There are 2 protein chains.
Amino acid sequence: MTTPAPVLLPIGQMADATGVKVPTIRYYEQIGLLPTPPRSQGNRRLYPESAIQRLRFIRHARELGFEIDAIRQLLDMADQPDQSCADADSIARHHLADIQSKIARLNALGDEVRRMIVDCSQSSVRQCRVIQVLADHGQCLGDHLAEPIKINEK
Amino acid sequence: MTTPAPVLLPIGQMADATGVKVPTIRYYEQIGLLPTPPRSQGNRRLYPESAIQRLRFIRHARELGFEIDAIRQLLDMADQPDQSCADADSIARHHLADIQSKIARLNALGDEVRRMIVDCSQSSVRQCRVIQVLADHGQCLGDHLAEPIKINEK
DNA sequence: TCTTGCTTCTCTAGTCGCTAGAGATTGTAG
DNA sequence: CTACAATCTCTAGCGACTAGAGAAGCAAGA
């Protein structure tokens with residue numbers, strides 16, 4: 001009566017099972033997001049099936065735009081199911097607020113860029129509305145754009 | 001009858017005049033976005049007033065979210081006022097499309113995150129909707145989210 | 001003249017979340 | 001035995017800056 005050998009997956013099958021690329025999995029290990037898995041005799045990573053869940057959790061959170069640090073905290077919470085989930089809620093709310101402010105900013109940008117394009121006479125650069133507006137901030141409606149001089153909206 | 005000495009500004013005054021930080025101005029020079037200015041005897045950069053216009057152009061374009069490469073092209077066009085502005089128009093249109101797709105993606109993310117939060121029972125992690133949804137992609141409405149596995153929406 | 005303090009200089013390294021590539025090794029199928 | 005695939009480690013690159021060290025220049029006040 002032997003215990004059944006646990007199923008262990010090489011990194012490529014982990015990638016297939018989760019949709020996370022192989023180098024990314026190694027990267028997550030490197031930054032401490034995934035625990036270091038056991039290795040084969042030939043030094044290959046061999047993951048227990050439980051690692052699939054964890055990696056899917058990470059992938060899903062990344063798809064929803066959570067930052068790595070937030071995911072780290074969420075994973076810690078998921079590991080302690082008896083604790084309060086207020087912190088998880090708070091992280092998600094902060095993230096939502098972040099998303100909303102990015103949307104607002106992008107809407108403002110979009111309006112401005114659309115105006116430039118619509119007004120463009122489609123002739124020479126000399127009369128080009130796009131170039132003119134860029135050259136002279138005064139022609140731009142949105143001074144609100146300039147308020148946070150940070151432009152990391154990507 | 002001597003020609004009047006041209007007004008030359010040190011980098012700090014350029015920063016004040018344009019709202020672009022000093023290290024950023026040097027960075028723009030380094031990547032070839034701003035021409036290298038003449039230097040004083042003590043090796044300080046001294047900018048002609050015309051550089052203010054160029055730097056303002058750059059800043060405004062960055063505020064509107066244009067990438068450095070696009071700005072490089074727009075600046076080239078602005079320097080050739082007799083050419084057609086079709087390219088400038090095209091760059092702006094591409095940028096607008098980019099903004100719109102980012103907004104669409106962020107709206108989808110926002111919806112999903114909002115659902116997680118609303119459903120959260122605010123009790124223990126074990127019942128936490130936020131954690132549950134992250135752990136199980138199947139509970140998520142948005143399979144569309146997964147389509148482009150790239151998650152560089154920031 | 002000396003000193004204090006501000007500005008500027010160059011250079012390197014860090015940010016975030018990966019991605020790409022080199023070059024070596026291991027495992028597997030024919 | 002030989003291909004070939006998968007994996008290993010390590011380093012460097014992306015974009016658009018930002019931060020910091022350490023040195024040098026410069027103007028005003030004592």
Side-chain angles (χ1 to χ4, degrees), chain A residues 8-34 36-47 51 55 58-75 95 98 102 109 148-154, chain B residues 8-34 36-47 51 55 58-75 95 98 102 109 148-154:
Chain A
L8 294 175
L9 305 171
I11 197 167
Q13 285 181 37
M14 282 292 284
D16 292 345
T18 61
V20 179
K21 291 182 198 153
V22 168
T24 306
I25 297 175
R26 285 195 280 248
Y27 168 72
Y28 287 160
E29 178 183 332
Q30 186 190 306
I31 63 170
L33 204 58
L34 272 182
T36 62
R39 301 285 187 125
S40 73
Q41 288 183 333
N43 200 35
R44 307 298 176 84
R45 290 170 180 83
L46 289 178
Y47 294 90
L55 193 46
I58 295 169
R59 169 163 132 87
H60 196 192
R62 286 295 298 133
E63 279 173 2
L64 288 172
F66 285 92
E67 294 178 5
I68 296 284
D69 258 13
I71 296 174
R72 217 185 288 274
Q73 296 179 58
L74 290 168
L75 280 169
H95 183 46
D98 205 44
K102 275 172 185 157
L109 295 189
I149 301 194
K150 294 206 108 192
I151 325 166
N152 304 335
E153 87 309 328
K154 209 168 211 194
Chain B
L8 294 175
L9 304 171
I11 198 168
Q13 285 181 35
M14 282 291 285
D16 292 344
T18 62
V20 180
K21 290 183 199 154
V22 168
T24 305
I25 297 174
R26 285 196 281 249
Y27 168 72
Y28 287 160
E29 179 184 331
Q30 186 190 306
I31 63 171
L33 204 58
L34 271 182
T36 62
R39 300 285 185 123
S40 74
Q41 290 183 332
N43 199 34
R44 307 298 176 82
R45 290 169 179 83
L46 288 178
Y47 294 90
L55 193 45
I58 295 169
R59 169 163 132 89
H60 196 192
R62 286 294 299 131
E63 279 173 3
L64 288 172
F66 285 92
E67 294 178 5
I68 296 283
D69 258 13
I71 296 173
R72 217 185 287 273
Q73 296 178 59
L74 290 168
L75 280 169
H95 182 46
D98 204 43
K102 275 173 186 156
L109 295 190
I149 301 194
K150 293 206 109 194
I151 325 164
N152 304 335
E153 85 312 326
K154 205 167 213 196

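Labels below follow one simple rule: chain letters A, B, ... track the order of the sequence lines, proteins then strands, and each chain is numbered from 1. As the structure is a computational prediction, the values presented were derived from the model and not from experiment.
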Measure the distance from CD on A:Q30 to P on D:dC8 and round it to the nearest whole Å.
->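 Rounding to the nearest Å, CD of A:Q30 and P of D:dC8 are 13 Å apart.
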Length of the line joining B:I11:CD1 and D:dA24:P, which is rounded to integer Å =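 Roughly 20 Å, once rounded to whole Å.
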Distance below 4.0 Å between [X] side-chain N/O and [N] OP1 or OP2:
X     : N      : value
A:R72 : C:dG17 : no
A:Y28 : C:dC18 : yes
A:R59 : C:dC18 : no

Under the 3.5 angstrom rule, does the side chain of B:R62 hit a backbone N or O of B:F66 as a donor-acceptor pair?
->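 At least one qualifying donor-acceptor pair exists.
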For the atom pair CZ (B:R59) and CD1 (B:I71), what is the distance rounded to the nearest 0.5 Å?
-> 12.0 Å
Name the nucleic acid region contacted by B:R26, choosing base, sugar-phosphate or nothing; use a 4.0 angstrom heavy-atom cut-off, strictly under.
->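 Result for B:R26 = base.
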What does nucleotides 23-30 of chain C look like as a protein-contact string, B for base, S for sugar-phosphate only, - for none, at under 4.0 angstrom between heavy atoms?
-> --BBS---
For DNA chain D, whose closest nucleotide is more 5', that of A:G12 or that of B:Y27?
->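 Of the two residues, A:G12 wins.
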Looking at the side chain of B:R45, which of D:dT7, C:dT19, C:dC9 is the nearest nucleotide?
-> C:dC9
Considering the terminal five base pairs at each end of the helix from C:dT1-D:dA30 to C:dG30-D:dC1, what angle separates the two local helix axes, rounded to 10°?
->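 About 20°, once rounded to a multiple of 10°.
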